[in-house]
S.K.: 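My questions all concern the structure below.
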Amino acid sequence: MTKQLTIGMFQSGAVRRTWNMAGRETDRNFTDLEYWTDLARTCEAAGVDFLFLADSYGYPTLNSTIIPTAVERNVQFSTIDPQMLMSALASVTRTLGLVTTVSTMVEKPPTVTRQYRTLDHLSGGRMGWNIVTGSAQAASALLFGEPLMPHDDRYAKADDHVELSLKYWEGCWEDDALKMDSATGTWADPAKVHEIVHDGPFFSAKGVLVTPPSPQVTPTLFQAGASSAGRELAAKYAEAVFLAAESKALADQIADIRRRADENGRGRDAVKCLIAGTFRVADSAEDALAQHQAQIESISLEHAATLYAYYTGVDLLSLDLDRAMPASAANTDSGRTNVERFLGPDAPTVREILEEFRANGVMGKPFLGTPEEVVDQAVAMIEATNADGFLVQPDPDSGHDLFLTRVMPELRRRGLIKDELPGTTLREHLFGEGRTRLPDSHPGAAFRPANLRVLA
Ligand SMILES: Cc1cc2nc3c(=O)[nH]c(=O)nc-3n(C[C@H](O)[C@H](O)[C@H](O)COP(=O)(O)O)c2cc1C
């Protein structure tokens with residue numbers, strides 16, 4: 001394989017599931033700043049492209065009520081706000097990309113654009129926005145006192161949100177608008193700072209993003225959520241997408257995203273497709289398998305069902321365990337990725353879905369073995385799916401340590417990752433030196449004042 005992989009490290013603002021395991025006591029320190037700055041420093045030292053901190057306002061509910069197991073066992077429950085960490089992480093790193101999630105259902109475009117622009121300044125152009133419509137939408141809607149919006153409408157709203165956000169980022173400031181000329185006392189040229197006007201189906205606005213352009217102008221755009229509507233959003237706007245499934249499903253999703261990106265005039269390679277994968281590294285394949293098995297046994301079916309309810313709003317334990325999920329249950333208005341992957345002619349039984357969630361959660365099967373073996377498996381996965389890299393999940397025993405200290409050197413030894421990250425911005429890390437801004441083929445480029453003048 002000749003292509004070099006993009007490597008991101010996954011962590012969420014939530015306390016890790018391993019908080020009560022012997023040897024993982026440090027996972028309880030998720031409210032300490034040092035816990036996060038240490039993680040960022042370690043990721044940077046190993047040379048990964050970025051650290052991604054996932055986030056959601058949701059938690060597991062059924063019938064509009066929190067599931068007690070979620071609280072008792074901490075299933076997708078306690079979290080901090082990752083966005084609050086970002087300036088601290090930027091201050092202790094120099095090259096590491098920093099990616100956070102903000103749901104288009106939660107924050108409005110003026111807030112999102114101002115926050116990311118500020119962080120892009122503070123980090124020297126290393127910020128990425130993971131665009132989601134949000135997991136556990138039912139809980140989130142209740143929390144915000146809003147009705148649960150139908151699934152595809154949420155994506156229509158996301159599209160409108162991103163369009164308006166791009167207008168703010170790309171459309172307000174011409175490149176030479178900021179003068180900061182103390183001799184004339186001119187801060188900025190009013191002829192080169194533009195109010196944008198937007199009248200969309202969900203958002204209407206007229207105004208200016210007052211924070212001047214940051215190194216990337218628009219942060220690098222990520223997306224997660226692989227339902228059909230999610231893939232369409234990714235193909236239109238995302239520069240990188242997070243995907244989690246089995247090899248065949250991943251190959252189908254990636255081919256679909258590339259086809260749709262091409263149809264949108266962006267080209268087949270416009271979107272970096274990153275597989276969310278767990279690497280369990282040990283001194284032998286047998287040890288790795290035994291560790292994985294022990295991990296599965298530590299998780300109850302009730303835990304797995306709570307996790308499934310978090311992602312889908314579906315109560316698997318209320319269904320016949322020996323049949324496939326009935327269409328009535330599958331027709332959920334929560335997240336659909338983890339419903340759609342278990343439908344179709346070869347649909348598993350509900351019990352099999354629970355077992356799959358118990359073993360692997362939303363991820364595909366883990367890579368198990370020595371560093372050499374897991375890299376062999378990872379290469380085979382890239383070849384089978386045509387993906388561009390990995391979003392590495394913490395392994396339950398070592399967190400990220402073994403991946404960073406043992407797998408990264410093996411990837412580097414085989415020339416599968418870059419020796420040095422190109423450029424200084426996150427977009428350059430992903431697409432090469434000099435590519436600090438959105439390419440002209442991205443829909444955001446159409447909102448640049450120079451392009452609007454051409455159209456006028
Ligand atoms: C690796 C990965 C990371 C994700 N990170 C988030 C996240 O931080 N916040 C969130 O609400 N959803 C996240 N999602 C997506 C949700 O699980 C969910 O699929 C989506 O928000 C709902 O869209 P859907 O209906 O297309 O599934 C992530 C998904 C994957 C595969």
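What you see is a predicted model; the values in this text were computed from it and never measured. Remember, it's 1-based here, ligands and their atoms both numbered in the order they're listed.
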S.K.: With atoms numbered from 1 as shown, which atoms in ligand 1 lie under 4.0 angstrom from a non-hydrogen atom of Tyr311?
M.R.: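 So the atoms of ligand 1 that pass are 17 (O).
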S.K.: Would the Phe367 and Phe279 ring centres measure less than 6.0 Å apart?
M.R.: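 Distance test on ring centres: under 6.0 Å, yes.
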S.K.: Quick check on Ser103 - does any of its heavy atoms sit under 4.0 Å from an atom of ligand 1?
M.R.: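 For ligand 1, residue contact (heavy atoms, under 4.0 Å) with Ser103 is absent.
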S.K.: Once you restrict to heavy atoms under 4.0 Å, what part of Ser227 touches ligand 1? Side chain, backbone, both or neither.
M.R.: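 Answer for Ser227: both.
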S.K.: Between Ser135, Ser12, Pro82, which one has a non-hydrogen atom sitting closest to atom 16 (C) of ligand 1?
M.R.: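 Nearest heavy atom to atom 16 (C) of ligand 1 lies in Ser135.
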S.K.: For ligand 1, which atoms, with element, lie under 4.0 Å from some heavy atom of Thr101?
M.R.: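 Taking each heavy atom of Thr101 in turn, ligand 1 has 7 (C), 8 (O), 9 (N) under 4.0 Å.
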S.K.: Which atoms form the tightest heavy-atom contact between Ala288 and Gly369, and what is the distance?
M.R.: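 Shortest heavy-atom separation between Ala288 and Gly369 comes out as CB-N, 3.4 Å.
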S.K.: With respect to Tyr155, determine whether any N or O atom, backbone or side chain, lies less than 3.5 Å from an N or O atom of ligand 1.
M.R.: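 In this structure, Tyr155 places an N or O atom under 3.5 Å from an N or O of ligand 1.
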S.K.: Hey, does Ser56 come in under 3.5 Å of ligand 1, counting only N/O atoms on both sides?
M.R.: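 Checking ligand 1 against Ser56, no N or O pair falls under 3.5 Å apart.
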S.K.: Using a strict cut-off of less than 4.0 Å between a Lys/Arg side-chain nitrogen and an Asp/Glu carboxylate oxygen, indicate whether Glu44 and Arg41 qualify as a salt bridge.
M.R.: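 Looking at Glu44 and Arg41, the cut-off is not met.
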S.K.: Pairing donors with acceptors under 3.5 angstrom, does anything connect the side chains of Thr218 and Glu170?
M.R.: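 Indeed, the side chains of Thr218 and Glu170 share at least one donor-acceptor pair under 3.5 Å.
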S.K.: Decide, yes or no, whether a salt bridge links Arg259 with Asp256 under the criterion of side-chain N to carboxylate O below 4.0 Å.
M.R.: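 Here Arg259 pairs with Asp256 in a salt bridge, since their nearest N and O are under 4.0 Å apart.
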S.K.: Give the numbers and elements of all ligand 1 atoms closer than 4.0 Å to a heavy atom of Gly134.
M.R.: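 Answer for ligand 1: 11 (O), 21 (O), 22 (C).
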S.K.: Show the atoms of ligand 1 that are less than 4.0 angstrom away from any heavy atom in Ala226.
M.R.: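 Within the 4.0 Å cut-off of Ala226, ligand 1 contributes 26 (O).
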S.K.: Pick one: which of Trp129, Phe390, Phe242 meets ring pair (Phe, Tyr, Trp, His ring centres under 6.0 Å) with Phe52?
M.R.: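 Among Trp129, Phe390, Phe242, the one that satisfies the ring pair (Phe, Tyr, Trp, His ring centres under 6.0 Å) with Phe52 is Phe242.
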S.K.: How far apart are the C-alpha atoms of Tyr310 and Ser135, what are their side-chain angles, what is the distance that settles it, and do they pass the side-chain hydrogen bond (donor to acceptor under 3.5 Å, both in side chains) test?
M.R.: CA-CA 7 Å; Tyr310 171 82; Ser135 42; 3.1 Å; yes
S.K.: Heavy-atom distances under 4.0 Å are what count here, so tell me which part of Gln137 touches ligand 1: side chain, backbone, both or neither.
M.R.: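 No part of Gln137 comes within reach of ligand 1.
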S.K.: Side chains of Ser398 and Asp395: any donor to acceptor distance under 3.5 Å?
M.R.: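 The criterion, which ignores hydrogens and geometry beyond distance, is satisfied for Ser398 and Asp395.
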S.K.: Does at least one non-hydrogen atom of Thr133 fall below 4.0 angstrom from an atom of ligand 1?
M.R.: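 It does, in that a heavy atom of Thr133 comes within the 4.0 Å cut-off of ligand 1.
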